[in-house]
Amino acid sequence: MDSIRFNNQILALSDKLFRFARSILHDVDAAQDAVQELSLKLWEKRQVLDDVENMPAFAMRAMRNLCLDTIRHSRDMEDLQGDTEFYEPNPYQQIEMKDMASRVRHMIDCLPELQRTIIRMRDVEEMEISEIAYVTALTENAVSVNLSRARQKIREQILNEQKRVEETVWKS
Amino acid sequence: MEKLNKLLEKYFRGETSLDEEKVLKQYFASGHVDPGHEPYRPLFEAFGQEQEIKYVTPRKQFMLQGNSTRHQWIRAISFTGIAAALLVSLWVIQLPESDNYAVINGKKIENKEFVQSYAETKMQNAGNILSRSRKNIDQVKENLEPVKKVGEAKEKIQDIRNLLYTK
């Protein structure tokens with residue numbers, strides 16, 4: 001793979017890879033680093049990239065592995081245990097998340113890593129279930145189950161939030 | 001409406017196709033959402049917002065941030081210092097036939113766009129580290145302020161002693 005093809009096929013995926021890394025790592029600087037590190041690794045292996053059939057899925061899988069390695073090294077899997085339950089944002093966060101869409105993004109951020117990765121790959125990056133299964137190394141059925149769980153959790157939280165807002169309005 | 005209700009239920013079960021999900025996204029973006037579906041509008045709005053997130057190279061981010069003059073000045077100094085250190089790890093060699101390449105982690109890299117982006121990220125990271133260190137130094141200085149008052153207190157004690165002994 002020459003420079004032009006590399007720039008067109010890999011560097012063109014930077015936005016997608018950045019969003020993906022940001023979702024896993026919860027850190028903009030670390031996500032920028034991850035994009036650079038992955039680009040460097042892929043550049044070093046550019047000779048074998050010509051054989052890759054689905055470059056976006058391949059790059060996303062490589063990015064996920066890189067991010068999970070980073071988390072393993074820095075936080076001893078703390079974030080990967082699936083115990084990051086949704087918490088009510090403090091008043092300061094509430095001002096920042098003044099619109100409901102921002103709060104929904106916060107809800108997604110609080111999902112376990114696998115679920116938030118899958119819901120974002122599907123609903124933000126619009127990837128096929130088969131591609132998500134390749135990235136996450138799961139079966140397509142397992143992806144669908146996790147996607148459904150993630151969406152149901154968010155739905156539940158949105159409806160609870162709605163109820164809470166309505167109660168507040170009634171009380172006042 | 002019934003069709004949309006069924007589609008939404010199917011969506012939450014994780015059974016919709018990408019085309020069906022596109023229909024839902026268009027519906028929620030249309031501005032004509034049924035009041036019963038209104039709670040779900042922010043969900044699809046959130047996905048739209050996330051699609052807008054772009055990877056900004058550190059150089060562009062620096063230009064977009066619009067920092068104060070003081071902050072920019074500190075960064076400019078940091079960048080100058082880092083540039084020298086960076087040359088040690090990233091050695092750009094100009095060949096006689098004007099063929100440019102860089103060596104990163106011992107690997108020869110000829111992709112100019114990639115090298116530039118890589119160097120910018122590393123410089124930005126180093127700048128962030130220096131900026132954090134400077135904050136720490138400022139904090140130490142601030143914490144040392146009460147220590148300066150020890151000297152003043154000592155002088156006052158000396159004055160009292162002098163008064164006592166002279167009498």
Side-chain angles (χ1 to χ4, degrees), chain A residues 2-4 6-7 10-11 13-19 21-23 28-29 31-33 35-37 39-40 42-44 46 99-108 118-120 122-129 143-152 154-156 158-159 161-163, chain B residues 8-19 21-22 24-25 28 37-58 60-61 100-102 104-125 127-129 132:
Chain A
D2 59 16
S3 290
I4 296 165
F6 183 84
N7 292 345
I10 308 289
L11 296 188
L13 294 172
S14 295
D15 289 342
K16 199 185 259 275
L17 292 170
F18 173 68
R19 286 194 292 264
R22 188 175 173 270
S23 170
V28 173
D29 289 342
Q32 280 181 335
D33 265 356
V35 173
Q36 292 298 316
E37 200 179 328
S39 305
L40 180 62
L42 292 177
W43 174 257
E44 285 168 9
R46 65 190 179 282
D99 62 306
M100 191 56 193
S102 301
R103 299 189 76 157
V104 170
R105 287 169 61 187
H106 173 68
M107 289 171 191
I108 297 171
I118 289 175
I119 198 172
R120 281 191 164 123
R122 181 64 177 187
D123 289 322
V124 179
E125 307 304 339
E126 299 176 345
M127 292 169 72
E128 293 286 354
I129 297 292
V143 170
S144 296
V145 169
N146 274 286
L147 179 62
S148 171
R149 280 184 192 155
R151 284 174 175 171
Q152 293 286 5
I154 298 297
R155 178 189 210 181
E156 205 175 293
I158 288 173
L159 295 177
E161 181 81 6
Q162 182 82 5
K163 207 174 155 189
Chain B
L8 263 174
E9 288 308 316
K10 200 176 166 187
Y11 168 81
F12 285 112
R13 288 198 305 270
E15 293 169 0
T16 37
S17 67
L18 280 176
D19 285 340
E21 285 163 20
K22 209 162 270 176
L24 284 174
K25 281 175 184 171
F28 282 102
H37 298 151
E38 193 59 34
Y40 304 121
R41 194 173 51 80
L43 176 63
F44 292 91
E45 208 177 297
F47 297 139
Q49 282 179 2
E50 295 215 349
Q51 282 173 335
E52 295 301 313
I53 297 172
K54 304 279 179 212
Y55 172 65
V56 182
T57 60
K60 283 182 194 159
Q61 195 179 36
N100 294 320
Y101 70 88
I104 301 175
N105 295 344
K107 301 267 165 49
K108 182 180 167 183
I109 304 213
E110 291 160 328
N111 190 341
K112 190 183 163 192
E113 205 170 319
F114 172 67
V115 169
Q116 192 178 344
S117 170
Y118 185 85
E120 280 167 6
T121 303
K122 293 300 165 197
M123 284 173 80
Q124 173 79 14
N125 289 350
N128 288 344
I129 292 166
R132 278 199 291 270

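Heavy atoms only: backbone and side chains are in, while hydrogens, waters and symmetry mates are out. Protein chains get the first letters and strands the later ones, always in sequence-line order, with residue 1 at the start of each.
- The shortest heavy-atom contact between B:I53 and A:D15 is O-CB, 4.4 Å.
- Looking only at side-chain heavy atoms (C-beta outward), B:F47 and A:I119 come within less than 4.5 Å of each other.
- Of the listed residues A:L11, A:N7, A:L147, A:I158, the one with more heavy-atom pairs under 4.5 angstrom with chain B than any other is A:N7.
- Here A:R122 is the residue among A:E44, A:E125, A:R122 with the most heavy-atom pairs under 4.5 Å with chain B.
- The contact between A:R120 and chain B is made entirely by side chain atoms (from C-beta outward), counting heavy-atom distances below 4.5 Å.
- A:E126 and B:Q51 are linked by a side-chain donor-acceptor pair at a separation below 3.5 angstrom, with hydrogens and angles left out of the test.
- At a 4.5 Å heavy-atom cutoff, the contact between B:Y11 and chain A is made by backbone and side-chain atoms alike.
- A 6.0 Å sphere centred on CD of A:E156 holds no more than 12 heavy atoms belonging to other residues, nucleotides or ligands.
- Comparing B:G48, B:S17, B:G14 by heavy-atom pairs within less than 4.5 Å of chain A, the highest count is held by B:G14.
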query: After noting the C-alpha distance and the side-chain angles of B:Q49 and A:D99, does the key distance pass the side-chain contact (heavy atoms from CB on, under 4.5 Å) rule?
result: CA-CA 12 Å; B:Q49 282 179 2; A:D99 62 306; 3.4 Å; yes

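- To the nearest 0.5 Å, atom OH of residue B:Y55 and atom CZ of residue A:R22 are 14.0 Å apart.
- Residues A:M127 and B:L18 form no side-chain contact, since every pair of their non-hydrogen atoms from C-beta on lies 4.5 Å or further apart.
- Neither the backbone nor the side chain of A:I4 has a heavy atom closer than 4.5 Å to any heavy atom of chain B.
- Contact record, A:S148 with B:R13: CB-O, 3.2 Å, taken as the closest heavy-atom pair.
- No part of A:E37 comes within reach of chain B, as not one of its non-hydrogen atoms sits under 4.5 angstrom from that chain.
- Shortest non-hydrogen contact noted between B:T16 and A:R151 is OG1-NH1, 3.7 Å.
- Without hydrogens or angle criteria, B:K25 side chain to A:D123 main chain gives a donor-acceptor distance under 3.5 Å.
- If you tally non-hydrogen atom pairs under 4.5 Å between each of A:S23, A:S144, A:S39 and chain B, the highest count goes to A:S39.
- A salt bridge links B:E9 with A:R155; the closest basic N to acidic carboxylate O contact falls under 4.0 Å.
- For A:V35, the part lying near chain B is the side chain, with the backbone staying farther off; criterion is any non-hydrogen pair under 4.5 Å.
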task: I would like to know whether B:E50 and A:R105 meet salt bridge (charged side-chain N to carboxylate O under 4.0 Å, His left out); could you show each step before the answer?
output: CA-CA 8 Å; B:E50 295 215 349; A:R105 287 169 61 187; 3.4 Å; yes

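- Interface residue A:L40: backbone and side-chain heavy atoms are both found under 4.5 Å from chain B.
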